[in-house]
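Just so it is clear: chains get the letters A, B, ... in the order the sequence lines come, proteins before strands, and each one is counted from 1.
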2 protein chains.
Amino acid sequence: MTESLQIQLKKGVLEMCVLALLSKGDNYAYDIASRMADAVGMGEGTIYPLMRRMQNDGLVTTYLQESGSGPPRKYYKITKEGAQTLKNQITDWLAFEAAVHKILGELT
Amino acid sequence: MTESLQIQLKKGVLEMCVLALLSKGDNYAYDIASRMADAVGMGEGTIYPLMRRMQNDGLVTTYLQESGSGPPRKYYKITKEGAQTLKNQITDWLAFEAAVHKILGELT
DNA sequence: CACGATACCTTGTGATGCAAGATACTATTT
DNA sequence: AAATAGTATCTTGCATCACAAGGTATCGTG
């Protein structure tokens, strides 16, 4: 394990979900936030700082595009590095899931 | 949803694991910490505050017992309320897992 | 008696999830 | 034309928390 799975969990799971979404097509934060809010209860106040962090880490790039229905959207596009990170995070996530299930044991 | 699944994740997953361990038998923090360190990379500095929190929340009770090999151990015993909390947390956890898998989709 | 292992606990730091609010553009209603 | 509602961006402040590092005390062994 490169670093504590716990760290992976905390820093990684939301990032992983966002990267997974972006791997299926470019998207903008507001829409990502809506989807994530439905799926795992994450709001805008969490998404925007997260997107900036991911951009700083080189996992995504951005470009502006007019929308016709509101202010221009800032689209995020996953990078090669982001795709690799996603791959690693999925591996770590599956390992973490397995570890938790082992602890839960026959309680499930 | 009672509260954001995200909060459940953060505050709940480690607690859930500890409660699951305790549901199989009383244990003391040092040993719990060792097991959790192996399983999900959590150390003592995380466990001790967590145990106190859980005690304050009425999820566990404690009793002291001599060990013969070091200082006396403070054993933790899960309460009825703790068992119920564990049940709820497992339900939430499985729902969260399902949500993440849905997002990951065919990427897994 | 010194040392390592066991076992407890505290402090300080850095991240971060989130609610709430600020800003601004467009379309629809009044 | 003014007001409202929806879209979309981002910031601030708060509370929480995992973790590393350090501190204390007990026991057995060399």
Side-chain angles (χ1 to χ4, degrees), chain A residues 1-18 26-57 60 62-76 92 96 99-100, chain B residues 1-18 26-57 60 62-76 92 96 99-100:
Chain A
M1 287 140 270
T2 42
E3 54 181 333
S4 154
L5 278 175
Q6 190 48 39
I7 273 193
Q8 284 306 120
L9 174 66
K10 247 185 39 178
K11 294 177 59 174
V13 103
L14 299 180
E15 200 174 277
M16 177 181 71
C17 288
V18 171
D26 300 359
N27 211 340
Y28 53 102
Y30 187 79
D31 188 67
I32 295 174
S34 310
R35 293 169 186 269
M36 299 297 283
D38 290 346
V40 294
M42 178 171 46
E44 293 180 28
T46 303
I47 275 287
Y48 284 103
L50 176 62
M51 298 315 291
R52 203 178 317 121
R53 234 180 294 144
M54 290 171 63
Q55 191 178 2
N56 288 339
D57 292 347
V60 296
T62 66
Y63 57 94
L64 282 178
Q65 191 166 301
E66 298 296 325
S67 75
S69 71
R73 297 169 180 161
K74 185 191 275 183
Y75 276 84
Y76 292 87
D92 287 345
F96 181 79
V100 170
Chain B
M1 288 142 270
T2 41
E3 55 181 331
S4 155
L5 278 175
Q6 190 46 36
I7 271 194
Q8 282 307 121
L9 174 66
K10 248 185 37 179
K11 295 177 58 174
V13 102
L14 299 179
E15 200 176 277
M16 177 181 74
C17 288
V18 171
D26 301 357
N27 210 342
Y28 54 101
Y30 188 78
D31 188 66
I32 295 174
S34 310
R35 294 170 186 269
M36 298 296 283
D38 290 346
V40 293
M42 179 171 47
E44 291 181 31
T46 302
I47 275 288
Y48 284 103
L50 175 61
M51 298 313 293
R52 202 178 319 120
R53 234 180 298 146
M54 289 171 62
Q55 191 178 3
N56 288 338
D57 293 346
V60 296
T62 66
Y63 57 94
L64 282 177
Q65 192 166 299
E66 298 296 325
S67 77
S69 71
R73 297 170 179 160
K74 186 190 276 185
Y75 276 84
Y76 292 87
D92 288 344
F96 182 79
V100 170

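Atom pair B:M54:CE and D:dT16:C1' shows a separation of 17 Å (rounding to whole Å applied). The CE atom of B:M36 sits 10 Å away from the P atom of D:dA18 (whole-angstrom rounding). Between the CZ atom of A:R52 and the C1' atom of D:dC10 there is a distance of 7 Å, given to the nearest Å. Look at OH on B:Y28: it is 12 Å from C1' on C:dA5, rounded to the nearest Å. Computed from coordinates, the A:Y48 OH to C:dA19 P distance equals 15 Å when rounded to whole Å. The separation between A:I47 atom CD1 and D:dT11 atom P is 15 Å, rounded to whole Å. Going from atom CD of B:E15 over to atom P of D:dT16 covers 14 Å, rounded to whole Å. Distance CZ (B:R35) to C1' (C:dT6): 15 Å, rounded to an integer number of Å.
With rounding to the nearest 0.5 Å, the separation of OH in B:Y28 from OH in B:Y63 is 11.5 Å. One distance of note links NZ of B:K74 with CD of B:Q55; it measures 6.0 Å at 0.5 Å rounding.
A sub-4.0 Å separation between OP1 or OP2 of C:dC18 and a side-chain N or O of A:T46 is present. A sub-4.0 Å separation between OP1 or OP2 of C:dT16 and a side-chain N or O of A:R53 is present.
At a cut-off of 3.5 angstrom, counting only N and O atoms as typed in the model, there is a donor on one side and an acceptor on the other between the side-chain of B:E44 and the base of C:dC8.
The existence of a salt bridge linking A:R53 and A:D57 is excluded, since no basic side-chain nitrogen approaches an acidic carboxylate oxygen closer than 4.0 Å.
When each of B:Y76 and B:P71 is assigned the nucleotide of DNA chain C with its nearest heavy atom, B:P71 is the one assigned upstream, toward the 5' end. Nearest-nucleotide mapping onto DNA chain D: of A:P49 and A:S67, the residue sitting toward the 5' end is A:S67.
Side-chain atoms of B:V40 and A:F96, non-hydrogen and from C-beta on, do get closer than 4.5 Å to each other.
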